[in-house]
Amino acid sequence: MVDSSAKNEDMSGSRAPDASESGSAFLPVDSFDLVVFGGTGDLARRKLIPALYHRFCDGQITGKSRVIGTSRSDHGRDDYVQLVHNAYHEFSGDDDYDDKCWSDFAALLDYVSLDVGDTKADWAALGKALSKDKNRTRVFYLAVPPKLYVDICKGLKAAGLVTPNSRVVLEKPLGTDYGSAKAINEGVGSVFEENSIYRIDHYLGKETVQNLLVLRFGNILLEPLWSNRAIDHVEITVGESIGVGGRGSYYDGAGALRDMVQNHLLQLLCLTAMETPASLDADDVRTEKLKVLRALRPITSENVSDTTVRGQYARGKVGDEVMTDYLTDVGLDDSQTETFVAIKAHIDNWRWAGVPIYIRTGKRMAKRRSDIVIQFKPVPHSVFGDTKLNPNRLVIRLQPDEAVKLWFEIKEPGAGGMRLKTLPLNLSYADNFTVRYPDAYERLLMDVVRGNLSLFMRGDEVEAAWKWVDNIIAAWKDTDQRLELYQAGHDGPEEANDMLSKDGTKWV
Ligand code: BG6
């Protein structure tokens with residue numbers, strides 16, 4: 001699951017050269033056919049096509065593979081190529097662009113216009129665009145609203161396009177609650193085996209998120225401290241400075257809890273809290289994550305107001321820029337949708353009993369910043385008299401400025417007694433690595449082609465996450481929990497700070 005692609009540094013500090021310095025350490029994949037449903041949509045244009053282009057330019061994808069965009073729009077192949085080419089420049093910039101490489105990559109691209117609920121002719125056209133080699137890996141990527149997932153899978157089956165080597169990729173959100181997620185799992189499961197279903201959470205493809213596994217299970221130092229014996233609390237923040245952009249109609253029906261917590265934040269929580277898996281095989285890792293989800297204490301009408309805060313951004317400034325409020329952004333007079341959520345969670349098991357896990361995420365916060373903070377307990381007894389001792393803290397900065405920082409107390413040098421200072425051991429990615437960090441989708445798409453399910457969610461995981469989130473939604477409804485406004489450019493409403501100060505702590 002994890003490529004050992006970090007530069008080798010021996011313990012004396014001298015560095016051994018490694019092939020990965022050139023960014024070329026990867027496993028090549030066999031030729032494949034990949035069909036993108038929603039091929040003209042936002043995800044395909046911003047993420048999927050650029051990711052495939054980069055894997056092609058690095059030589060991981062060969063010229064015999066095919067990438068077929070489909071959507072209802074009537075495009076010729078050349079129009080489609082032009083459309084995704086323009087989008088590349090718009091969203092990915094020019095820094096990693098190479099004209100010759102793009103034109104070689106473009107030769108892989110094709111387009112089929114297809115109305116999922118419509119004529120057989122469309123499905124037949126898709127069949128024609130696919131390789132005749134039935135043993136070749138076929139990937140069907142569903143970058144479309146989840147209500148279409150089951151129909152597309154059934155359409156593929158009816159058209160005879162599902163071969164033994166076919167895989168389906170489902171984008172989040174997988175449904176809108178437990179019931180709809182279960183229905184999707186069952187519907188898709190009637191066409192594809194569980195081990196051919198790739199449920200994407202792109203956070204799992206991020207370098208620093210994968211590094212969580214290496215940090216925890218590749219080092220002996222942390223494990224003995226990784227529990228309620230030494231940890232006071234954990235904090236997980238995924239902050240965004242952007243607003244809802246052009247996604248208002250989707251977002252207003254979802255909100256931060258469904259859009260971010262049900263998937264990205266709970267996955268981060270699982271990787272932080274799970275037991276050591278027997279191996280990095282998909283099922284070993286997913287089973288451990290599932291145990292964490294099942295041990296999450298349910299949030300109910302009795303405790304929801306003490307353990308959750310929901311907020312919505314109002315007009316304000318992010319940096320120097322004045323930002324409009326959420327209602328203006330989504331073009332509505334009224335909306336009770338939360339763009340910020342903070343939760344005090346508990347994992348009811350031996351390792352984590354009594355350790356609050358604070359999670360928060362929001363749009364239009366002060367800056368884009370995702371961190372996992374492990375706050376250790378104070379030393380049991382201080383021999384330094386009245387001198388203040390700051391407890392150790394581990395900060396895993398997921399993005400941007402990727403780093404792992406471990407804060408220590410050390411003696412400030414000099415005469416005049418014992419003065420203490422809190423300083424970090426700083427493992428900054430920028431100082432240690434020079435490779436281009438592949439976008440999460442590059443890694444995940446290649447894992448689909450290679451048949452590696454480790455970084456994808458299993459059906460039961462998704463359902464367990466929904467069950468926990470559904471309880472919160474029901475409790476909000478039941479208690480009519482207030483939506484607190486916060487100014488754009490602030491880290492959520494004051495109530496999110498109050499929730500922690502009641503516990504004698506604050507967000508880092
Ligand atoms: C998506 C959410 O899954 O993740 C978006 O739907 C959010 O609302 C995005 O902006 C954040 O991803 P990243 O990779 O930019 O942190």
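Just so you know, ligand 1 is whichever comes first in the structure, and atom 1 is the first atom listed for that ligand. Computed from a predicted model, the values in this text were never measured in an experiment. We're numbering straight along the sequence, starting at 1. Atoms considered below: every heavy atom in the structure, side chains included; atoms not considered: hydrogens, waters and symmetry mates.
- With a heavy-atom cut-off of 4.0 Å, Tyr203 touches ligand 1 through its side chain alone.
- In summary, Asp470 and Lys467 do not engage in a salt bridge, as defined by a charged side-chain N under 4.0 Å from a carboxylate O.
- Using modelled atom types, one side-chain atom of Glu461 and one backbone atom of Arg458 make a donor-acceptor pair closer than 3.5 Å.
- For ligand 1, the polar-atom distance check against Glu240 finds a nitrogen or oxygen pair separated by under 3.5 Å.
- Between Lys172 and Asp201 there is no salt bridge, since no side-chain nitrogen of the basic residue lies less than 4.0 Å from a carboxylate oxygen of the acidic one.
- A side-chain donor-acceptor contact under 3.5 Å links Asp94 and His89.
- Scanning the protein for heavy atoms near atom 5 (C) of ligand 1, the closest one is Arg247 NH1, 3.4 Å.
- In summary, the side chains of Tyr251 and Asp329 do not present any donor paired with an acceptor at a separation below 3.5 Å, with no hydrogens or angles considered.
- The existence of a salt bridge linking Asp42 and Arg45 is confirmed by a sub-4.0 Å separation between a basic side-chain nitrogen and an acidic carboxylate oxygen.
- Summary of contacts: the protein heavy atom closest to atom 14 (O) of ligand 1 is Lys206 NZ, 2.6 Å.
- Residue Lys363 has at least one heavy-atom neighbour below 4.0 Å for each of these atoms of ligand 1: 5 (C), 7 (C), 8 (O), 10 (O).
- Among protein heavy atoms, the minimum distance from atom 12 (O) of ligand 1 is reached at His202 NE2, 3.2 Å.
- Among all protein heavy atoms, the one lying closest to atom 6 (O) of ligand 1 is Asp259 OD1, 2.6 Å.
- In this structure, of Arg368, His264, Gln399, the residue bringing a heavy atom nearest to atom 1 (C) of ligand 1 is His264.
- In terms of polar-atom proximity, Tyr251 is not counted as a contact of ligand 1, lacking any N or O under 3.5 Å from an N or O of the ligand.
- Of all atoms in ligand 1, listed by their number and element, those nearer than 4.0 Å to a heavy atom of Lys172 are 1 (C), 2 (C), 3 (O), 6 (O).
- A salt bridge links Lys344 with Asp503; the closest basic N to acidic carboxylate O contact falls under 4.0 Å.
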